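Structure first, commentary second.
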Amino acid sequence: MLTVDFRRLGLQAGDRVLDLGCGAGRHAFEAHRRGAHTVAYDRNAGDVKDAAAMLGAMRLAGEAPAGALGTAVNGDALSLPFADGAFDRVIAAEVLEHVPADAVAMAELVRVLRPGGTLAVTVPRWFPEKVCWALTETYHAPHVPDGHVRIYTRSRLAWLVTASGLRPTRSHHAHALHSPYWWLKCALGLDRPDRWPVRLYHRFLVWDIMRRPLLTRALDRALNPILGKSLVMYAVKP
């Protein structure tokens with residue numbers, strides 16, 4: 001399930017791509033499949049190990065063009081172990097809401113992006129996120145590992161991107177059908193994924209992701225301006 005639109009990101013084969021906070025690796029794998037030299041980066045060592053294994057498996061299976069490089073690196077978003085201008089494209093999907101020092105993380109992303117390069121940053125959208133925060137404190141409690149520490153409006157994210165030296169170019173919303181799922185999880189208990197409404201809705205989302213039927217794709221696009229779970233913003237480094 002991709003949140004970033006790679007056409008809007010401007011990704012081309014041979015680009016050097018950083019996927020910050022790669023998690024399970026969805027964006028890193030897609031960038032690699034499109035022929036990019038990809039670095040999947042995360043502070044979770046387990047995720048990094050899994051991402052490295054998958055990138056290796058993609059090469060062995062011929063799922064990435066010959067010559068495309070893919071690696072996974074463990075580290076902190078506030079101190080990236082890369083040279084200035086090391087990447088043509090940078091992705092930070094659903095990361096900044098977890099980082100107390102988001103301006104520091106953004107400054108690091110800008111530093112490693114080459115002049116003329118593009119960045120895609122995604123965060124939970126204000127309205128769906130506000131509902132989650134209202135339904136349960138566990139979602140954003142300070143003591144919860146990897147909890148959400150802030151809610152972004154579009155203007156706040158645009159200010160952060162602009163203040164970091166980038167020029168925002170466009171934005172959109174994504175994953176409207178996922179908002180009710182998270183509201184159910186928050187309402188019934190984040191630690192209770194076994195509740196039948198949550199299990200049933202999760203089964204529906206997996207089916208939708210795998211099958212991509214025209215009806216649900218059209219419904220998702222129609223609802224994105226209202227219920228889109230994620231805000232996606234693209235920007236260029238002058």
Side-chain angles (χ1 to χ4, degrees), residues 1-77 80-82 86-99 105 108-109 112-114 117-124 146 172-175 177-178 181-182 202-203 205-213 216-217 220 224 228-235:
M1 180 191 69
L2 298 176
T3 306
V4 171
D5 184 331
F6 281 80
R7 293 171 301 175
R8 298 183 186 187
L9 181 63
L11 186 141
Q12 299 177 2
D15 281 349
R16 301 160 299 166
V17 177
L18 172 65
D19 180 11
L20 177 79
C22 65
R26 56 198 171 115
H27 290 104
F29 303 151
E30 180 63 16
H32 191 49
R33 187 184 69 80
R34 290 171 179 250
H37 305 306
T38 307
V39 175
Y41 188 90
D42 204 287
R43 71 174 185 175
N44 185 304
D47 285 342
V48 168
K49 182 179 179 180
D50 291 344
M54 179 59 74
L55 289 168
M58 289 177 68
R59 287 194 296 272
L60 291 174
E63 294 183 14
L69 304 177
T71 187
V73 178
N74 183 216
D76 193 330
L80 300 178
F82 308 112
F87 297 96
D88 303 295
R89 319 289 169 196
V90 170
I91 299 170
E94 311 298 302
V95 174
L96 293 181
E97 68 274 13
H98 301 284
V99 182
E108 277 290 271
L109 293 175
V112 302
L113 181 65
R114 69 163 173 82
T118 53
L119 171 143
V121 57
T122 89
V123 295
D146 294 324
H172 62 87
H173 299 108
H175 309 319
L177 297 181
H178 290 245
Y181 172 70
W182 282 98
H202 182 266
R203 191 177 305 169
L205 291 178
V206 171
W207 171 82
D208 179 56
I209 291 169
M210 298 301 293
R211 297 295 183 91
R212 298 185 61 81
T216 57
R217 293 301 85 216
D220 193 63
N224 271 334
K229 181 70 172 66
S230 295
L231 166 64
V232 189
M233 187 168 291
Y234 305 86

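This structure is a prediction, so every number in the text was calculated from the model and none was measured. All values below were derived from every heavy atom in this structure, side-chain atoms included, with hydrogens, water molecules and symmetry-related copies excluded.
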Return the minimal non-hydrogen interatomic distance between [X] and [Y], and the atom names on each side.
X	Y	value
Ala31	Val17	CB-CG1, 4.2 Å
Ala105	Leu96	CB-CD2, 4.1 Å
Ala72	Leu55	N-CD1, 4.4 Å
Pro81	Val73	CG-CG1, 4.5 Å
Gly70	His32	N-CE1, 3.7 Å
Leu205	Leu177	CD2-O, 3.8 Å

Just how far is it from atom CD of Glu30 to atom CG of Leu2, taken to the nearest 0.5 Å? 5.0 Å
Does [Y] offer a backbone N or O that forms a donor-acceptor pair with the side chain of [X] under 3.5 Å?
X	Y	result
Tyr234	Asp5	yes
Asp42	Gly75	no
Tyr41	Val48	no
Asp88	Arg16	yes
Thr122	Glu94	yes
Thr118	Leu9	yes

Side-chain donor-acceptor pairs of residues 206-213 under 3.5 Å, sequence neighbours excluded:
residue : atom : partner : partner atom : Å
Asp208  : OD1  : Thr216  : OG1          : 2.4
Asp208  : OD1  : Arg217  : NH2          : 3.2
Asp208  : OD2  : Arg217  : NH2          : 2.3

Met54, CE: over 12 other non-hydrogen atoms inside 6.0 angstrom: no
Quick one: salt bridge (charged side-chain N to carboxylate O under 4.0 Å, His left out) pairs with a partner in residues 47-62, sequence neighbours left out? none
Using 30° and 60° as the class limits, which term best fits the ring planes of Tyr181 and His202: parallel, tilted or perpendicular? tilted
Counting C-beta onward and ignoring hydrogens, is there a side-chain heavy-atom pair between His172 and Asn224 closer than 4.5 Å? no
State whether Arg43 and Asp76 are salt-bridged, where the test is any N-O pair (Lys NZ or Arg NE/NH1/NH2 against Asp/Glu carboxylate O) under 4.0 Å. no
Pair up each side-chain donor or acceptor in residues 18-29 with any protein partner under 3.5 Å, not counting sequence neighbours, and list the distances.
residue : atom : partner : partner atom : Å
Asp19   : OD2  : Ala28   : N            : 3.1
Arg26   : NH1  : Met1    : O            : 2.9
Arg26   : NH1  : Thr3    : OG1          : 2.8
His27   : NE2  : Thr3    : N            : 3.1
His27   : NE2  : Val4    : N            : 3.1

